[in-house]
Amino acid sequence: MKINAPRGTNDILPPLSLKWQYIEEKARDLMARYNYQEIRTPIFEYTELFQRGIGETTDVVEKEMYTFTDKSGRSITLRPEGTAGIVRAYLENKLYGQMQPLKLYYIGPMFRYERPQAGRFRQFHQFGVEVFGSNDPALDAEVIVLGVNYLKELGLENLDIYINSIGCPDCRKEYFKDLQEYFNQYRQELCEDCQSRIDRNPMRVLDCKVDNSKEIISNAPSILDYLCADCQEHFARVKDYLSVLGLDYTIDARMVRGLDYYTNTVFEIKYSGLGAQDTILAGGRYNGLAEEIGGKSIPGIGFAAGMERLLLTLEKEKVDLPESSELDIYLVTIGEEARKEAIKLLYQLRNKGYRVETDYLERGMKSQLKAADRLMVKYAIILGDDELAQGKAIIKNMQTGEQEEIALEKILEEDFRKE
RNA sequence: GUGGGUGUAGCUCAGCUGGCUAGAGCGCAGGAUUGUGGCUCCUGAGGCCGUGGGUUCAAGUCCCAUCACCCACCCCA
């Protein structure tokens with residue numbers, strides 16, 4: 001019986017893996033310029049971490065986690081997102097003892113048990129950043145701009161940036177009350193899910209796709225009218241900094257995030273044309289999270305970008321990405337004696353830093369040159385028993401077709417990278 | 001979890017209302033004066049027609065089930 005990869009997972013094969021490497025390198029390069037350092041945390045954590053961090057009533061925790069019991073009887077969960085684990089690591093390793101703010105990034109797989117569809121998989125990859133130890137609005141702006149710049153540097157232009165502030169627990173207390181009161185008046189007109197959302201987390205109703213177009217929602221009280229003085233000022237300053245940077249954004253007062261830990265600034269970057277899953281990068285501030293999972297009160301902010309969605313977008317926008325790895329030389333050999341000499345040459349050339357390939361199927365010269373052509377090498381070095389007898393080899397320029405003889409001992413002095 | 005669509009060579013697909021040794025293009029391998037690629041031409045390999053049942057003289061083609069993939073809902077990156 002044939003075994004397939006589990007549902008919702010993907011093999012990342014060459015040459016696609018080259019594109020992955022490329023977007024990861026871009027991320028690392030950007031991170032260096034903004035002074036973010038990489039952190040690698042476990043792929044699985046104790047289930048409790050996500051329950052407390054992400055929120056018991058979120059869909060992610062309620063029905064999308066890969067949870068199992070290990071041999072000691074503890075409940076383990078494959079991480080569905082990156083932030084909770086990193087906050088845990090920050091607290092556990094007492095990183096607040098280091099110079100603050102601490103700016104971290106990560107790239108790796110996440111797991112959610114969901115029905116796969118366009119831009120959504122059960123194992124997917126995120127590139128994300130987290131900044132701890134500062135509530136400076138300038139950092140909110142930096143993180144947003146960072147996300148935007150990453151996408152821009154990859155060559156994406158048609159992005160929609162949405163921001164909002166969902167305040168702190170203090171401002172939300174009154175807002176929740178009023179919002180519940182408001183929605184309760186129209187309870188019967190809302191969808192079933194929303195009716196239960198009213199009691200559990202009324203802000204979710206605002207985000208409901210089913211009731212989205214209804215007036216009830218557009219006329220609902222706005223969080224922005226409830227922000228306390230501090231939160232108002234924080235949001236105002238974030239917007240100021242974004243304006244200074246010349247960033248175009250839309251304020252969406254109805255934008256809430258599906259993870260409970262967000263406070264104050266939240267944002268999303270979307271690309272229309274991706275299908276239903278059009279958010280490629282999103283994040284926000286989470287000043288209460290560290291405390292929520294049992295640590296000190298530490299402000300934090302971050303974002304995560306979905307790599308699969310990013311690649312999909314780059315594809316749709318027809319952005320040029322590396323298609324194949326470039327080889328410098330293909331070593332063509334004819335005859336057993338020449339082969340022996342060529343094997344030696346092969347390693348010498350590689351040690352000098354050239355990208356070199358040769359034939360391992362005992363093919364004729366014709367086929368070997370064909371292979372060289374398909375590998376798009378710049379040069380072929382032809383070494384047959386005849387040449388060997390004369391202490392020579394042939395260097396063939398595959399672009400021009402020109403070829404010349406060269407003494408064997410001179411080969412390593414040649415520059416095969418020249419145009 | 002719910003709905004719709006699709007499943008035929010490595011890839012993209014064609015196979016009308018059930019009937020012959022299941023096809024094409026691309027790709028792959030080999031060849032076209034015996035040591036020279038890209039173009040062209042020739043030849044070849046490769047398919048239990050997703051899987052399991054059923055209807056029928058006969059099923060890739062109809063029915064049922066199952067699995068997978070795609071898309072959407074939901075949710076999120």
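First the proteins, then the strands, lettered A, B, ... as listed; each starts at 1. Quick caveat, the model's predicted, so the values are computed rather than measured.
- Considering only side-chain N and O atoms, A:Arg363 lies under 4.0 angstrom from the phosphate OP1 or OP2 of B:A29.
- Residues from residues 305-319 of chain A placing a heavy atom under 4.0 Å of any atom in RNA chain B, listed by number, are A:Gly306, A:Arg309.
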A:Arg355 and A:Glu326: CA distance, side-chain angles, deciding distance, salt bridge (Lys or Arg N to Asp or Glu O under 4.0 Å) verdict:
CA-CA 8 Å; A:Arg355 304 174 179 202; A:Glu326 300 211 328; over 6 Å; no
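- Taking only distance into account, the side chain of A:Lys396 meets the base of B:U36 through a donor-acceptor pair shorter than 3.5 Å.
- Scanning both residues, A:Val238 and A:Pro137, for their nearest heavy atoms gives CG2-CB, 3.7 Å.
- For A:Tyr226 and A:Tyr175, the distance between ring centers is under 6.0 angstrom.
- Taking atom CD1 of residue A:Ile394 and atom C1' of nucleotide B:G37, one finds them 14 Å apart after rounding to whole Å.
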Residue pair A:Phe127, A:Tyr105: steps toward the side chain to side chain contact (heavy atoms under 4.5 Å, CB included) verdict:
CA-CA 7 Å; A:Phe127 154 51; A:Tyr105 79 92; 4.0 Å; yes
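- If you check every strand for non-hydrogen atoms under 4.0 Å, A:Gly283 touches nothing.
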I'd like a list of close polar pairs between nucleotides 1-3 of chain B and the protein, N/O only, cut-off under 3.5 Å.
residue: B:U2; atom: O4; partner: A:Arg115; partner atom: NH1; Å: 2.4

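- A:Glu317 places no side-chain N or O within 3.5 Å of a backbone atom of A:Val319 that could act as its donor or acceptor partner.
- Taking the C1' atoms as reference points, B:C39 lies 49 Å from B:U66, given to the whole Å.
- Taking a 4.0 Å limit (strictly below) on heavy-atom distances, residues 367-377 of chain A reaches RNA chain B at A:Ser367, A:Leu369, A:Lys370, A:Asp373, A:Arg374.
- Here A:Gly119 lies in heavy-atom contact (under 4.0 Å) with a base.
- Formation of a donor-acceptor pair under 3.5 Å by the A:Lys103 side chain with backbone atoms of A:Tyr34 is found in this model.
- Counting to the nearest Å, the C1' atom of B:A77 and the CD atom of A:Glu268 are 9 Å from each other.
- Among B:A77, B:C73, B:C71, the nucleotide with an atom closest to any side-chain atom of A:Arg112 is B:A77.
- For A:Lys378 and A:Phe416, the positive end is not near the middle of the six-membered ring at less than 6.0 Å and at most 45° from its axis.
- Within residues 7-14 of chain A, the residues that have a heavy atom under 4.0 Å from RNA chain B are, in order of number, A:Arg7, A:Gly8.
- Taking atom P on both nucleotides, B:U6 is separated from B:A14 by 11 Å, rounded to a whole Å.
- Using a 4.5 Å cut-off on side-chain heavy atoms (C-beta onward), A:Val61 and A:Asp260 make no contact.
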Evaluation steps, side chain to side chain donor-acceptor pair (under 3.5 Å), between A:Tyr379 and A:Gln403:
CA-CA 9 Å; A:Tyr379 296 96; A:Gln403 54 185 56; over 6 Å; no
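- Rounded to whole Å, the distance from CZ on A:Phe50 to C1' on B:A77 is 15 Å.
- Using a 4.0 Å heavy-atom cutoff across all strands shown, A:Glu62 reaches no nucleic acid atom at all.
- For the pair A:Arg172 (side chain) and A:Ile166 (backbone), a donor-acceptor distance under 3.5 Å is present.
- With sequence neighbours excluded, the residues that form a ring pair (Phe, Tyr, Trp, His ring centres under 6.0 Å) with A:Tyr182 are A:Tyr186.
- Using a 4.5 Å heavy-atom threshold, the side chains of A:Glu130 and A:Tyr90 count as separate.
- Nearest approach of A:Arg257 to A:Val266, heavy atoms of both residues: CG-CG1, 3.6 Å.
- A:Leu281 comes within 4.0 angstrom of sugar-phosphate atoms only, judged by non-hydrogen atoms across all strands, and of no base.
- Contact of A:Gln117 with B:C69 (side chain to base): no donor-acceptor pair of N or O atoms is detected under 3.5 Å.
- A distance of about 11 Å separates the C1' atoms of B:G7 and B:U51, rounded to the whole Å.
- To the nearest whole angstrom, the two P atoms, one in B:G60 and one in B:G54, are 15 Å apart.
- Every stem involving RNA chain B, taken as at least 3 paired positions in a row under the Watson-Crick or G-U wobble test at 3.5 Å, is listed here: B:1-7 with B:67-73, B:10-13 with B:23-26, B:28-32 with B:40-44, B:50-54 with B:62-66.
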